[in-house]
Amino acid sequence: MLAPAEVSRIDKRDLLGIMSSLPEQMVFGLDQGSALDLPSDVRRIFIVGMGGSAIAADVFAAWTMDRRATDIQVIRDYRLPAHASEGDIVIAVTYSGDTEETLSAASQAVRIGCKLIGVSSGGKLADFCKENRMERVGVPQGYPPRGAFGYLFGTIAGLCRGVIVDNIDKEIKKAAVHLEEERKALNPDKSTKVNRAKSIALKVYGKTPIIYGSMAFAPVARRWQTEFNENAKILAWASSFPEADHNEIEGWGGSQSSGRFQPIFLRDRNETDELRMRIDATRGIIGRKAKPIEVEDKGDSLLSRMLGTLLLGDLASIYLAVLRKVDPYPVISIDALKAKLRSQGSASES
Ligand code: F6R
């Protein structure tokens with residue numbers, strides 16, 4: 001099961017290889033973004049984007065949360081918040097360069113006098129930045145947006161490194177080394193017995209995963225969800241502690257159908273004592289209905305562990321696609337919806 005030949009037969013365009021290039025992508029993106037490095041006295045940074053582009057910003061913002069004086073807000077919408085104003089920096093991230101929500105927020109940013117920086121592989125955002133004499137960092141073309149996570153994450157980190165108190169370049173490069181090790185252990189040639197991504201895929205097969213993260217791992221849980229959605233083509237949800245203990249836990253207890261769901265807890269050795277006790281106690285209660293899969297990366301820095309966990313989810317979702325015999329690469333419904341909206345005249349063009 002999940003032998004290399006079966007994986008490459010179904011994953012025809014090697015999405016697994018693309019996702020596994022995360023460490024190289026990240027280091028490349030960091031270099032690109034660093035060329036524009038923002039000043040350290042910026043008041044506020046808004047990063048606008050959707051889906052596979054926005055999640056890179058979420059992960060960056062969560063990772064650097066305790067180490068910056070500048071507020072970084074990630075916006076997934078057509079509009080910037082009302083308090084955005086002249087002097088704020090807006091980084092518009094759209095891998096394709098054509099996402100209408102992101103283009104709309106980018107054009108609002110220029111209207112109200114924010115400094116806009118684009119990040120894309122080309123598309124309308126490239127033209128827009130040129131016309132408005134705004135800078136843009138280009139990322140390599142030819143990837144599905146979610147498969148360019150490393151380029152986008154690295155570029156955002158390079159752009160924002162001036163507002164972070166420590167030298168993050170070193171940490172990113174160390175995390176890349178850790179990811180190079182991790183991906184070897186998750187490769188298709190490693191059997192299900194030793195390959196954690198394959199064994200997670202087998203446990204999730206036939207179920208609906210609900211992925212729980214806390215603190216910096218909340219956006220990593222969201223990435224797991226979206227990767228299960230887009231690659232394995234299944235429904236999945238992300239949730240977070242401590243909030244889930246104040247509502248969702250009741251659903252686990254009361255629902256007849258809770259056995260259909262597979263809880264996955266993203267843990268970290270540096271979670272606070274309160275959280276550790278809370279999550280362990282929650283496992284006891286949810287465990288009466290469904291045994292949670294617990295995942296913990298052994299990396300020596302927070303970023304290594306966040307990205308090690310993220311890569312594990314990416315690859316587990318592709319192995320799940322193989323088990324389900326669906327090509328993980330195309331996103332037929334997302335593309336169909338975008339085409340329909342384009343044919344009706346996109347909001348960003350109005
Ligand atoms: C597709 C994917 C999507 C896109 C989203 C926005 O691989 O991950 O979630 O990221 O539709 O498109 P971009 O990233 O081009 O702005």
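Just follow the structure's listing: the first ligand is 1, and inside any ligand the first atom is 1.
A salt bridge links R67 to D166: one of the charged nitrogens lies within less than 4.0 Å of a carboxylate oxygen. Using a cut-off of 4.0 Å between Lys/Arg side-chain N and Asp/Glu carboxylate O, R9 and E6 are scored as salt-bridged. Remark: R136 does not engage D127 in a salt bridge, criterion side-chain N to carboxylate O under 4.0 Å. Salt bridge status for K174 with E180: absent, with no side-chain N to carboxylate O gap under 4.0 Å. With salt bridges taken as basic N to acidic carboxylate O contacts below 4.0 Å, none links K184 and D189. K115 and E135 are joined by a salt bridge, as a carboxylate oxygen and a charged side-chain nitrogen come within less than 4.0 angstrom of each other.
The nearest protein atom to atom 14 (O) of ligand 1, hydrogens excluded, is given as S53 OG, 2.5 Å; this is a heavy-atom distance. Among protein heavy atoms, atom 12 (O) of ligand 1 sits closest to T99 OG1, 3.0 Å. Counting only heavy atoms of the protein, atom 7 (O) of ligand 1 lies nearest to R146 NH1, 2.7 Å. Counting only heavy atoms of the protein, atom 9 (O) of ligand 1 lies nearest to G52 N, 3.1 Å. At the shortest separation from atom 15 (O) of ligand 1 among protein heavy atoms lies S96 OG, 2.6 Å. Considering only non-hydrogen protein atoms, atom 2 (C) of ligand 1 sits nearest to E230 OE1, 2.9 Å.
For ligand 1, the atoms closer than 4.0 angstrom to any heavy atom of K338 are 5 (C), 6 (C), 11 (O), 12 (O). Per-residue contacts place M50 under 4.0 angstrom from the following atoms of ligand 1 (heavy atoms of the residue considered): 6 (C), 10 (O). Ligand 1 places these atoms under 4.0 Å from at least one heavy atom of G51: 9 (O), 10 (O).
Ring orientation note: the planes of F46 and H83 are tilted relative to one another, at an angle of 30° to 60°.
Between T94 and ligand 1, an N or O atom pair is found at a separation short of 3.5 Å.
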